[in-house]
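Fair warning: this is a prediction, and the values are worked out from it, not measured in the lab. The figures that follow rest on heavy atoms only: side chains count, while hydrogens, waters and symmetry mates do not.
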Protein chains: 2
Amino acid sequence: MSTNIICHSSSAGSSDGGSSGNSARTPNQAPKPNEPSKRGRAKTRRDNEQLILQAAECIFAEHGFKGATTSQIAKKAKLPKANLHYYFPTKEALYRKVIDRIFNIWLEAASAFDDCEEPADAFTCYISKKMDISRNHPMGSKVWANEILHKAPVIHDYMQTTLRDWTDNRVKIIQGWIDDGKMAPVNPKFLLYMIWATTQHYADFNYQINTLNNGAPLTDEQFEEAKAQAIKIILTGIGIPVGTDRSTDATPCKSGEVPL
Amino acid sequence: MSTNIICHSSSAGSSDGGSSGNSARTPNQAPKPNEPSKRGRAKTRRDNEQLILQAAECIFAEHGFKGATTSQIAKKAKLPKANLHYYFPTKEALYRKVIDRIFNIWLEAASAFDDCEEPADAFTCYISKKMDISRNHPMGSKVWANEILHKAPVIHDYMQTTLRDWTDNRVKIIQGWIDDGKMAPVNPKFLLYMIWATTQHYADFNYQINTLNNGAPLTDEQFEEAKAQAIKIILTGIGIPVGTDRSTDATPCKSGEVPL
DNA sequence: TCAGTTTCTGACCTTTCGGTCAAAATAAAA
DNA sequence: TTTTATTTTGACCGAAAGGTCAGAAACTGA
């Protein structure tokens, strides 16, 4: 599952996650040798790595790479610091793993353009997916934002390859729609920036949004309204008619999978 | 000039800046006693404080509060670290000053809504000003973004007062325009978020934008195009007709001052 | 049961960083 | 010139952080 484009170090471990409640040090009950991933040392290792990654994502998001400390992360994961360093030898290795997870989530949303023929569907689906990511993975988005804010020392080479290729391809698709008269003539890149900015704002700046919402996070209804409005303004703005009857959170593109 | 809403400590010093080339330790030539701000100790102090603030803004933007070190800042300002601590007793005090400067710049753009009667003019002017800030003060914007990303520990109380009040007022203005049928019925808050996100993206994520621009910063022409497009998409998106002949970077609002 | 392997963890080391200090240097006042 | 106030600076300190290590604990297979 994990592509490991960014990470180059150690411990693979595809995520499956039938995570049962208690994780640490349960006495082995009936160790089936045929199912090595469900019980025993392999499972313990996987569980602990996931525990650490989860905690790390949270701490890195809140404090940045430098601001985060391995002690904090270990404490959040309820493990001794030395144990954390047993699984992830350095802070940077751990950070790269966190970034890698986020990148894979991002890639998933990016597929929207491949699954849709018409710009109306493509943009609706893409914006919707990006908004859902901001809702469901705000921490990951923040780590990402933080990384780019600080000159992307870790994902630098990725940006020059994968991101650039992806963007160039989508620019061509959008330009094709423009040439076909399906949408207003805009600069596709600047349009993509607007979509990225608007959708990720709900993750990266959620603290500000909450403050302006009387200190409370947006309710599901409010968030759906925000999503619908983002879609409506952008689509209208690029000359694509928006039917008011169209359901917002439905994904009109071919593939019906959940945006994660 | 400095409102000092956020900072509570020491050393006022309004910016004037007739900054001549060499700054450090020039032998006093003809010390006029009548002009205390141009020569002598007062000037040295002001110059050094500005030097440090400039360097600090840059370093804080690039590395965040925790990531930045006073040594780095001092080195960038070409002063010994101990001298930096003479002017700014703590790293946090310096940080607050930097934030304060950015806040004042932000306030300036915020006035667009007060200077315009019609939504077309108000939004055009506001977006234009915000874009110019992203162009001319990217470092400040990054410090700001970083602060909110990390739960705004420093500007927390400001957000609950000044920012909230400002937002509430503009929401009312926008709602008035909607009620008058001058623009499409949208949620004013979410519209503001979209404007903030889009405009600030060009500062906060400029590293990504540069990478996707073959490693080079946007030229002035490209940036003007981005600005024009942001204005066009948003205005069209909220049902305000955009004349293609309207000059983009002209400020249509009453006050003709430069956006800084 | 027992040897071999993997996991766990408190204690420790080294480096870095924010901040202090006392003395030297410079400017202003008397 | 002498005195006083301000500024500059190298050297230093304590705290915190990333990372190591050796021995203890636990699991695995025979």
**OP:** Go through D/dT9, D/dG19, C/dG18 for me and flag the one nearest to the B/P80 side chain.
**Re:** D/dT9
Nearest-angstrom distance from the residue atom [atom1] of [X] to [atom2] of [N]:
{"X": "A/K91", "N": "C/dT15", "atom1": "NZ", "atom2": "C1'", "result": "14 Å"}
{"X": "A/H85", "N": "C/dT9", "atom1": "NE2", "atom2": "C1'", "result": "14 Å"}
{"X": "B/F88", "N": "C/dG18", "atom1": "CZ", "atom2": "P", "result": "15 Å"}
{"X": "A/K78", "N": "C/dT9", "atom1": "NZ", "atom2": "P", "result": "14 Å"}
{"X": "A/L84", "N": "D/dG19", "atom1": "CG", "atom2": "C1'", "result": "11 Å"}
{"X": "B/K43", "N": "C/dT26", "atom1": "NZ", "atom2": "C1'", "result": "17 Å"}
{"X": "B/I52", "N": "C/dG18", "atom1": "CD1", "atom2": "P", "result": "14 Å"}
{"X": "A/F60", "N": "D/dA17", "atom1": "CZ", "atom2": "P", "result": "14 Å"}

Between [X] and [N], is there a contact of a side-chain N or O with OP1 or OP2 at under 4.0 Å?
{"X": "B/R45", "N": "D/dT7", "result": "yes"}
{"X": "B/N83", "N": "D/dG10", "result": "no"}
{"X": "A/Y86", "N": "C/dT7", "result": "yes"}
{"X": "B/T70", "N": "C/dC17", "result": "no"}

Original post:
With a non-hydrogen cut-off below 4.0 angstrom, is B/A74 in contact with a base, only sugar-phosphate, or nothing?
Top reply: nothing
**OP:** Assess whether side chain to side chain contact (heavy atoms under 4.5 Å, CB included) is satisfied between A/I99 and A/Y158, documenting all intermediate values.
**Re:** CA-CA 11 Å; A/I99 291 270; A/Y158 146 76; over 6 Å; no
Subject >> Aromatic contact, A/W166 with A/W106 (centres under 6.0 Å) >> reply: yes
Original post:
Parallel, tilted or perpendicular: which describes the rings of B/Y193 and B/W196, with under 30° parallel and over 60° perpendicular?
Top reply: tilted
Original post:
For the side chain of B/K81 and the base of C/dG18, is some donor closer than 3.5 Å to an acceptor across the two?
Top reply: yes
Original post:
Quick one: on DNA chain D, does A/A82 or A/K66 contact a more 5' nucleotide (nearest heavy atom)?
Top reply: A/K66
**OP:** Before giving the answer on side chain to side chain contact (heavy atoms under 4.5 Å, CB included), spell out for B/I209 and B/H201 the whole-Å C-alpha distance, their side-chain angles and the decisive distance to 0.1 Å.
**Re:** CA-CA 9 Å; B/I209 290 173; B/H201 186 86; 3.8 Å; yes
Original post:
When you check the gap from the basic side-chain N to the acidic O, do B/K129 and B/E108 get nearer than 4.0 Å?
Top reply: no
